Amino acid sequence: QVQLVESGGGLVQAGGSLRLSCAASGRTFTSYSVGWFLQAPGKEREFVAGIGWSFNTTYYADSVKGRFIIARDDAKNTVYLQMNSLKPEDTAVYYCAARFGRLVTTIDYAYWGQGTQVTVSS
């Protein structure tokens with residue numbers, strides 16, 4: 001079992017930045033790929049960014065390319081999502097998720113955190 005806890009959400013003005021953290025416990029994190037997803041009210045959960053377990057391959061949704069950066073620190077069992085140039089449309093609950101093996105952009109992840117709210121005001 002892997003337990004995930006997100007932190008770092010909050011209220012920020014448009015153009016501002018936030019850094020989300022996803023801390024894992026329960027198992028060694030090194031063989032897991034991690035994804036960040038967002039879910040706005042009334043909408044489906046969608047992929048934002050992910051980092052693979054091997055070679056730290058990263059992948060981003062088109063909507064966040066050039067603005068968000070995902071990184072992992074396996075020594076701390078933590079994955080970060082640096083969010084820059086935030087827009088009101090980035091407002092959502094952000095979830096991190098982990099799966100054993102390769103990175104995917106679907107919601108096919110075995111482990112999920114509880115989510116952290118990000119609100120971007122205009």
Side-chain angles (χ1 to χ4, degrees):
Q1 288 287 338
V2 175
Q3 292 80 42
L4 304 174
V5 178
E6 302 99 334
S7 61
L11 174 64
V12 64
Q13 288 187 333
S17 298
L18 284 174
R19 188 177 79 158
L20 305 183
S21 298
C22 174
S25 61
R27 282 195 176 179
T28 303
F29 213 27
T30 53
S31 297
Y32 287 80
S33 295
V34 177
W36 282 97
F37 292 76
L38 65 82
Q39 189 166 21
K43 296 188 177 181
E44 294 186 350
R45 198 167 294 188
E46 62 184 68
F47 176 84
V48 175
I51 187 163
W53 71 274
S54 64
F55 307 111
N56 285 343
T57 303
T58 58
Y59 191 79
Y60 298 92
D62 287 343
S63 59
V64 305
K65 280 181 183 176
R67 300 190 298 125
F68 291 11
I69 301 171
I70 188 170
R72 66 191 298 161
D73 184 341
D74 287 335
K76 296 183 178 180
N77 262 14
T78 300
V79 171
Y80 304 97
L81 184 67
Q82 178 67 42
M83 306 189 296
N84 302 318
S85 302
L86 283 162
K87 304 175 181 180
E89 51 263 44
D90 295 321
T91 295
V93 177
Y94 284 71
Y95 299 89
C96 70
R99 71 190 309 269
F100 186 79
R102 68 183 183 92
L103 175 65
V104 299
T105 61
T106 65
I107 61 172
D108 186 19
Y109 284 72
Y111 306 102
W112 291 83
Q114 82 289 348
T116 185
Q117 176 70 46
V118 171
T119 302
V120 184
S121 63
S122 57

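Quick caveat, the model's predicted, so the values are computed rather than measured. Heavy-atom basis, side chains included; hydrogens, waters and symmetry copies ignored.
Residue pairs that meet the side chain to side chain donor-acceptor pair (under 3.5 Å) test with at least one member in residues 101-112, sequence neighbours left out, are Arg99-Asp108. Under the side chain to side chain donor-acceptor pair (under 3.5 Å) criterion, the residue pairs touching residues 66-76 are Arg67-Asp90, Arg72-Asp74, with sequence neighbours excluded.
In Tyr60, the OH atom is crowded: over 12 heavy atoms of neighbouring residues, nucleotides or ligands sit closer than 6.0 Å. For Leu11, the CG atom counts as densely surrounded, since its 6.0 Å shell holds more than 12 non-hydrogen atoms of other residues, nucleotides or ligands.
Here OG of Ser31 is found 5.0 Å from CZ of Phe100. Values are rounded to the nearest 0.5 Å. Atom OG1 in Thr57 sits 7.5 Å away from atom CG in Leu103 (nearest 0.5 Å). Distance check, rounded to the nearest 0.5 Å: CE of Met83 to CH2 of Trp36 gives 8.0 Å. Annotation: the span from Cys22 atom SG to Ile51 atom CD1 amounts to 11.5 Å, rounded to 0.5 Å. Of the inter-residue distances, the one linking Phe68 atom CZ with Leu86 atom CG reads 5.0 Å to the nearest 0.5 angstrom.
Thr119 and Gln117 are linked by a side-chain donor-acceptor pair at a separation below 3.5 angstrom, with hydrogens and angles left out of the test.
Two rings, from Phe37 and Phe47, have their centers less than 6.0 Å apart.
Using a distance-only test at 3.5 Å, with no hydrogens or angles considered, no donor-acceptor pair links the side chain of Ser33 to the main chain of Gly52. Judged by distance alone, the side chain of Thr91 and the main-chain N or O of Val120 form a donor-acceptor pair under 3.5 Å. One N or O on the side chain of Glu6 and one on the backbone of Gly115 form a donor-acceptor pair closer than 3.5 Å.
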Yes or no on side-chain contact (heavy atoms from CB on, under 4.5 Å) for Tyr94 and Val48, after CA distance, side-chain angles and deciding distance? CA-CA 9 Å; Tyr94 284 71; Val48 175; 4.3 Å; yes
Would Val118 and Leu18 count as a side-chain contact (heavy atoms from CB on, under 4.5 Å) here? Give the steps. CA-CA 9 Å; Val118 171; Leu18 284 174; 3.9 Å; yes
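Partners of Ser121 under the side-chain hydrogen bond (donor to acceptor under 3.5 Å, both in side chains) rule, at least two apart in sequence or in another chain, do not exist in this structure.
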